[in-house]
Amino acid sequence: MKASKRPILPRQKAERIVSLAAALLVLIGGLTAVAAWRKNDTNASSFPPMTTPAPTAVPGTLGSLVILVDPGHGGYDGGARCRDSGVWEKVINLAVARAVEDALTRRGAQVVMTRTDDNDLCEASRPAHLTKKRQDMQNRVALAVAHGADMVLSIHMNEYRARSESGPQVFYRAGCDGGRLLAGCIQSAMIAQLQPKKERATMAGDYFILQLEVPSVLVECGFVSNPEEERLLLNQTYQARIGEAVATGVEEFVRLAGSAE
């Protein structure tokens with residue numbers, strides 16, 4: 001038996017009309033919005049993709065600092081030379097300095113590099129009384145001053161006639177309390193994260209790059225005269241570990257210096 005249709009009551013009919021009208025308004029609104037978007041984007045060939053909003057950037061722990069990172073040597077000045085591979089110190093310095101730059105940048109610091117390739121900072125028309133080395137070092141210090149650096153990190157490799165000597169060591173300028181504290185923090189972080197066979201202590205050193213009043217250190221990352229350490233220093237993964245260790249030390253310095261104020 002054929003089922004009979006139920007009559008639509010006036011109230012139900014009115015509700016259905018309202019629902020259809022609402023749906024029609026939504027459709028018209030959507031088409032209007034798309035038309036407006038396509039009018040503003042004449043190169044659009046499809047609807048804009050659905051994207052997840054980017055998370056709000058969180059300021060890094062070093063976000064207020066301008067740090068000069070100085071890859072030692074470069075250009076005419078090769079520095080020390082690896083006993084086994086023959087690689088010049090200047091090459092390793094730059095690779096490690098790049099790792100330091102990356103680690104500091106990820107923590108929010110603004111990093112200024114004294115060099116980004118195999119060049120020195122000498123000028124062809126330097127005054128006759130200045131040696132290449134002297135002008136090179138003066139220009140590195142001048143970069144720190146020009147950029148208002150809050151800190152200077154000079155990256156180097158060590159060597160010694162006895163091939164058994166090993167381990168990173170950080171130097172600071174005598175009489176600079178900030179530099180001494182920074183050196184201690186970086187030295188501790190390097191020992192903790194790199195676990196060298198020989199745990200060295202920080203020392204005061206008379207280095208031109210450390211002459212500024214801002215906290216400044218010279219980081220000897222290891223001995224290229226030591227066969228085992230040479231292999232490590234040439235390894236990209238180990239270079240990245242050095243970068244992280246130096247950045248961790250800088251973070252600890254900022255924490256301690258801030259708590260002392």
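This structure is a prediction, so every number in the text was calculated from the model and none was measured.
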Taking S225 for the side chain and Y160 for the main chain, is one N or O donor matched with an acceptor at less than 3.5 Å? yes

So, the side chain of S216 versus the backbone of V214: is there a donor-acceptor pair under 3.5 Å, distance only? yes

Quick one: CD on Q138 to SG on C122, what's the gap to the nearest 0.5 Å? 10.5 Å

P196 and G167 have their tightest heavy-atom pair at CB-CA, 4.3 Å

Indicate, with yes or no, if V254 and V69 share a hydrophobic cluster defined by side-chain heavy-atom contacts under 4.5 Å among Ile, Leu, Val, Met, Phe, Trp and Tyr. yes

Under 3.5 Å donor-acceptor, E230 side chain and S85 backbone: yes

Could you give me the CA-CA distance, side-chain angles and deciding distance for T114 and N139, then say whether side-chain contact (heavy atoms from CB on, under 4.5 Å) is met? CA-CA 9 Å; T114 58; N139 286 338; over 6 Å; no

Just by modelled atom types, is the E220 backbone N or O under 3.5 Å from a matching donor or acceptor in the N158 side chain? no

What's the verdict on side-chain contact (heavy atoms from CB on, under 4.5 Å) for L65 and R107, showing C-alpha distance, side-chain angles and the deciding distance? CA-CA 10 Å; L65 292 181; R107 289 164 171 80; over 6 Å; no

List in chain and number order the residues that pass ring pair (Phe, Tyr, Trp, His ring centres under 6.0 Å) with Y238, two or more places apart in sequence or in another chain; answer none if no residue qualifies. none

Note, N226 side chain near R163 side chain (heavy atom, < 4.5 Å): no

When you measure from the side chain of R115 to the backbone of G72, do you find a donor-acceptor pair of N or O atoms at a distance under 3.5 Å? yes

Is R81 reaching over with its side chain to a backbone N or O of G86, donor-acceptor style, under 3.5 angstrom? yes

Do V100 and L182 belong together in a cluster built from hydrophobic side chains that touch within less than 4.5 Å? yes

Take a 6.0 Å sphere around CZ of F208 and say whether it holds more than 12 heavy atoms from other residues, nucleotides or ligands. yes

Linking I/L/V/M/F/W/Y whenever any side-chain heavy atoms sit under 4.5 Å apart, do L234 and F223 land together? no

Can you establish whether the number of heavy atoms outside D206 located under 6.0 Å from its atom CG is more than 12? no

Is L181 close to L256 at the side-chain level, that is, under 4.5 Å between some pair of heavy atoms? yes

Measuring from E229:CD to C82:SG, what's the distance to the nearest 0.5 Å? 11.0 Å

Between atom OG of S188 and atom CD of E199, what is the distance when rounded to the nearest 0.5 Å? 9.5 Å

Are I191 and V219 linked, directly or through other ILVMFWY residues, by side chains that come within less than 4.5 angstrom of each other? no

Please check: side-chain N/O of R140 versus main-chain N/O of I209, any donor-acceptor pairing under 3.5 Å? no

Before giving the answer on side-chain contact (heavy atoms from CB on, under 4.5 Å), spell out for Q169 and K198 the whole-Å C-alpha distance, their side-chain angles and the decisive distance to 0.1 Å. CA-CA 10 Å; Q169 188 168 26; K198 183 166 185 176; over 6 Å; no

Atom pair CD1/CE of I67 and M113 - distance to nearest 0.5 Å: 12.0 Å

Nearest heavy atoms of G178 and F253, plus distance in Å: O-CE1, 3.5 Å

The test is side-chain contact (heavy atoms from CB on, under 4.5 Å); show your working for L233 and C221 and say whether it passes. CA-CA 8 Å; L233 293 169; C221 301; 4.2 Å; yes

Using side chain to side chain donor-acceptor pair (under 3.5 Å) as the criterion, list what pairs up with Q211, not counting sequence neighbours. none

Backbone N or O of G60 within a donor-acceptor pair of the R106 side chain at under 3.5 Å? no

Report whether I186 and L218 are members of the same hydrophobic cluster (ILVMFWY, side-chain heavy atoms less than 4.5 Å apart, transitive linking). no

Between the side chains of Q193 and T248, is a donor N or O closer than 3.5 angstrom to an acceptor N or O? yes

R173 side chain near E213 side chain, heavy-atom distance below 4.5 Å: yes

Pairwise side-chain contact, K132 with D136, heavy-atom cut-off 4.5 Å (strictly under): no

What I'd like to find out is whether the side chain of R126 reaches to under 4.5 Å of the side chain of R134, using heavy atoms alone. no

Find the distance between CE (M190) and CZ (R241) and round it off to the nearest 0.5 Å. 10.5 Å

Would you be so kind as to tabulate the donor-acceptor pairs closer than 3.5 Å made by side chains of residues 148-157, with sequence neighbours excluded?
from	atom 1	to	atom 2	distance (Å)
D150	OD2	V66	N	2.8
S154	OG	D70	OD2	2.7
S154	OG	H156	NE2	3.1
H156	ND1	E89	OE2	3.4

Measuring from atom CG of L232 to atom CD1 of I92, what distance do you get when rounded to the nearest 0.5 angstrom? 11.0 Å

To check you understand the geometry: which heavy-atom pair defines the closest contact between A189 and A245, and what is its length? CB-O, 3.3 Å

Test item: D77 and D120 side chains (from C-beta on) under 4.5 Å apart, heavy atoms: no

Under the 3.5 angstrom rule, does the side chain of E244 hit a backbone N or O of A103 as a donor-acceptor pair? no

Student check: side-chain heavy atoms of Q187 and M203 closer than 4.5 Å: no

What about F171 and Y207, are their ring centers closer than 6.0 Å? yes

In the structure I gave you, are the side-chain heavy atoms of K90 and D118 within less than 4.5 Å of one another anywhere? yes

